[in-house]
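Below is one structure, written out as structure tokens; comments come after it.
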Number of protein chains: 2
Amino acid sequence: MSVTIKDIAKKTGFSVATVSRVLSNKTGFFSQETANAVHKAAVELGYKKNMAATELVTQTSNVIAVIVNSTKTNFSNQIITGIQKKAAEMSKRVIILYAGDHDQVAQKIALTTALERPILGILLVSVDLYPKNLLLLKSAHIPFFFISISFKDTGLNYITSDDYQIGYTATKYLINHGHRKIGLAGLGIDPSDHTGNLRFNGYQQALTENNIAFQHDWLQIGDYSYESGLTAMKSYSQTNVTAVITASDLVGIGILNQCTKLGLNVPNDLSIITIDGTNLCQLVQPPLTSITQNFFQMGYLGTNYLIAGSKKNAYTNVQLCQRSSVKTYHFKNSI
Amino acid sequence: MSVTIKDIAKKTGFSVATVSRVLSNKTGFFSQETANAVHKAAVELGYKKNMAATELVTQTSNVIAVIVNSTKTNFSNQIITGIQKKAAEMSKRVIILYAGDHDQVAQKIALTTALERPILGILLVSVDLYPKNLLLLKSAHIPFFFISISFKDTGLNYITSDDYQIGYTATKYLINHGHRKIGLAGLGIDPSDHTGNLRFNGYQQALTENNIAFQHDWLQIGDYSYESGLTAMKSYSQTNVTAVITASDLVGIGILNQCTKLGLNVPNDLSIITIDGTNLCQLVQPPLTSITQNFFQMGYLGTNYLIAGSKKNAYTNVQLCQRSSVKTYHFKNSI
DNA sequence: ATACCTTACGCAAACGTTTACAATAGATTT
DNA sequence: AAATCTATTGTAAACGTTTGCGTAAGGTAT
């Protein structure tokens with residue numbers, strides 16, 4: 001059928017062993033002449049390696065599987081770019097698997113697609129595995145690493161931003177700009193949303209340090225989606241907040257657009273600082289001030305940790321990008 | 001090392017042949033009792049199939065490789081969702097490979113990653129292969145199908161929108177709303193951009209039919225990017241156009257934001273109709289009227305055609321979505 | 001009773017590689 | 001001259017699965 005090393009062996013007169021050694025570049029096992037002859041024959045015959053055979057015998061491969069959510073939010077591209085970069089540097093290949101969106105079955109399919117072949121390791125980009133699927137993953141004894149998600153007390157390793165720090169920094173920034181009534185929108189604080197909890201804790205800490213009493217209607221929970229932003233803003237219009245921290249850029253834009261509908265101006269009537277800092281921030285008017293996560297680096301370093309077999313968690317730095325969605329009050333906007 | 005059918009065979013007392021037949025469900029070759037015993041043993045041992053072995057012997061697999069560009073534009077997600085849907089229906093798996101952005105090497109890596117293992121077929125999502133890589137693909141004798149891209153006179157099969165129709169429809173729409181000076185921005189008209197050519201032709205046809213003489217500064221070429229939109233608008237501000245058709249949503253938003261910088265109002269000073277109609281259109285203010293492509297269906301049907309081995313090209317329907325970026329002139333906006 | 005199916009299973013080859021081990025020839029050392 | 005080393009190549013086993021072919025037991029038709 002298709003051309004194999006056996007064909008090359010026949011054509012060149014060498015054994016398949018020699019051909020294999022040349023083709024997989026096991027230096028020191030062949031002469032330059034031999035190598036030339038083999039390579040020449042290979043291109044003439046249009047040889048293409050059959051990785052299935054290689055993976056079968058070596059029980060490893062150079063491909064990293066990346067599992068991503070059918071991305072509501074849009075930062076996965078940056079993470080994947082980082083992954084690709086590092087992978088290319090270490091001459092690894094990467095394949096990407098979509099795990100749907102909170103879809104247990106799709107998640108399992110993606111996982112088994114990865115697991116049922118020899119693979120270097122698995123990178124899980126902001127996917128929260130269902131318990132059953134986590135068991136499946138663990139039982140495979142294949143290295144894995146989570147990116148852009150964190151967990152409490154599980155032994156799982158991840159790289160992400162320091163979400164407590166994010167919550168704290170965003171809040172502090174707003175306070176420094178004279179805000180005292182600050183909302184937090186679009187995330188969850190039940191145990192399943194660890195990220196949400198951390199950000200909320202950082203937010204509360206900053207409030208407390210500045211003697212601001214948290215009011216419960218400042219927190220509008222949600223699922224990081226545009227729609228979360230829209231509905232959150234409806235609630236805020238009944239409150240006295242002057243600024244809100246949004247859990248994702250989409251939430252921020254939801255807030256922004258709901259403001260427009262309500263006849264409110266950003267930043268004059270309401271300030272927004274958003275978490276993520278993807279290019280969406282610069283697409284809307286006004287451009288949104290953001291706590292920008294270093295998604296590229298998450299992917300880059302995460303890949304590195306996966307390959308190195310790191311057993312520790314890591315955090316990437318965030319950066320505050322001032323744009324035009326936060327108003328400065330020179331007097332304290334008191335109670 | 002990991003558990004194989006041999007282990008199951010040992011445990012159950014059957015031969016590997018029988019175990020294999022049970023596990024791959026070759027009905028008619030085993031009794032129900034046997035099947036139960038085998039399945040029981042399989043879960044007890046934590047058996048996981050080694051696809052490399054299967055693919056090696058069968059020389060096929062149930063995985064479809066999807067190659068995408070490191071997506072400047074953001075419609076790939078919708079296409080991929082469509083692909084996943086159809087694939088799931090036909091119990092195929094899909095893996096996604098990023099081909100970088102106009103990066104010949106990355107493209108080749110993605111291609112060989114797919115090619116060097118048995119695979120059902122390859123879907124190329126809006127990627128324009130370099131000639132060398134196209135040769136590589138063709139020589140592999142693996143089915144492939146292009147999505148969201150079209151070609152002139154090559155024997156390549158694709159599914160996409162009818163780009164001539166898109167150009168025509170958008171132009172006609174603007175004319176019907178009283179516009180006579182209509183720009184087209186963000187695409188190319190050299191031979192390498194076949195999509196751009198088709199849209200331009202449709203645009204010209206609509207102008208001609210309505211006795212409008214095309215002026216060369218109405219066309220601002222570009223590469224479908226946000227930046228293309230920004231620079232195009234700088235040029236338009238020196239012209240008399242009242243409306244522009246943008247080659248992608250990002251181009252549209254670029255135009256929109258440049259208008260803001262220039263102190264121009266959309267749609268009062270300039271109307272925009274954009275091609276693609278992704279969710280970006282609803283994120284900006286004003287929401288952009290669009291020619292919306294059915295990306296989901298492209299993915300869905302494209303997958304179907306790939307599996308069916310279709311040798312024909314196909315076109316999906318587009319839909320005009322009125323939003324708020326086009327102003328209606330009740331008098332003809334004459335020369 | 002014979003011939004013929006059917007059902008259920010095992011044997012063994014095959015897929016295309018890699019690699020441990022063995023072998024050869026020539027070069028170098030003693 | 002013998003011993004040892006080095007460079008190059010070959011032989012064959014192994015990876016885990018699928019599947020054509022063979023076979024044995026039991027059933028059914030004649």
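Below, chain A is the first sequence line, B the second, and so on; all start at residue 1.
- Summarising the geometry, the separation between CG on B:Leu23 and P on D:dT17 is reported as 8 Å, rounded to the nearest angstrom.
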Atom pairs, protein N/O to nucleotides 6-9 of chain C N/O, distance under 3.5 Å:
| from | atom 1 | to | atom 2 | distance (Å) |
| --- | --- | --- | --- | --- |
| C:dC9 | OP1 | B:Thr34 | OG1 | 2.7 |
| C:dC9 | OP2 | B:Ser31 | N | 3.2 |
| C:dC9 | OP2 | B:Thr34 | OG1 | 2.8 |

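- Pairs engaging residues 110-123 of chain B under the side chain to side chain donor-acceptor pair (under 3.5 Å) rule: A:Glu55-B:Arg117, A:Arg93-B:Thr113, A:Arg93-B:Glu116 [sequence neighbours left out].
- Pairing each heavy atom of A:Val3 with each of A:Gly46, the nearest pair is CG1-O, 3.7 Å.
- Between B:Lys26 and D:dT18 there is no side-chain N or O to OP1 or OP2 distance below 4.0 Å.
- As rounded to whole Å, 14 Å separates atom C1' of C:dT18 from atom NZ of A:Lys6.
- Heavy-atom distances under 4.0 Å link DNA chain D to B:Lys49, B:Asn50, B:Ala53, B:Thr54, B:Val57, B:Thr58 of residues 49-58 of chain B, given in residue order.
- The backbone N or O of A:Lys312 lies less than 3.5 Å from a partner atom in the side chain of A:Ser310, making a donor-acceptor pair.
- Using a 4.0 Å heavy-atom criterion, one finds that A:Thr4 contacts the sugar-phosphate atoms exclusively.
- One can place CD of A:Glu116 at 15 Å from P of D:dG16, the figure rounded to the nearest angstrom.
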Please tabulate, for the side chains in residues 138-147 of chain B, all donor-acceptor contacts under 3.5 angstrom to protein atoms that are two or more places apart in sequence or on a different chain.
| from | atom 1 | to | atom 2 | distance (Å) |
| --- | --- | --- | --- | --- |
| B:Ser139 | OG | A:Lys48 | NZ | 3.2 |
| B:Ser139 | OG | B:Leu135 | O | 3.4 |
| B:Ser139 | OG | B:Leu136 | O | 2.9 |

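- Annotation for A:Ser20 and A:Ser24: closest pair O-OG, 2.7 Å, computed over non-hydrogen atoms.
- For A:Gln59, a side-chain nitrogen or oxygen approaches OP1 or OP2 of D:dG16 to under 4.0 Å.
- For the side chain to side chain contact (heavy atoms under 4.5 Å, CB included) test, residues two or more places apart in sequence or in another chain that qualify with A:Thr54 are A:Lys49, A:Met51, A:Thr58.
- One can place NZ of B:Lys48 at 12 Å from P of D:dT17, the figure rounded to the nearest angstrom.
- Atom CD1 of A:Ile5 and atom C1' of D:dG10 are 13 Å apart (whole Å).
- B:Asp7 places a side-chain N or O within 3.5 Å of a backbone atom of B:Thr4 that can act as its donor or acceptor partner.
- In terms of heavy atoms, B:Asp103 sits closest to B:Ala106 at OD1-N, 3.1 Å.
- By the ring pair (Phe, Tyr, Trp, His ring centres under 6.0 Å) test, B:Tyr130 is found to be paired with no residue, residues two or more places apart in sequence or in another chain being considered.
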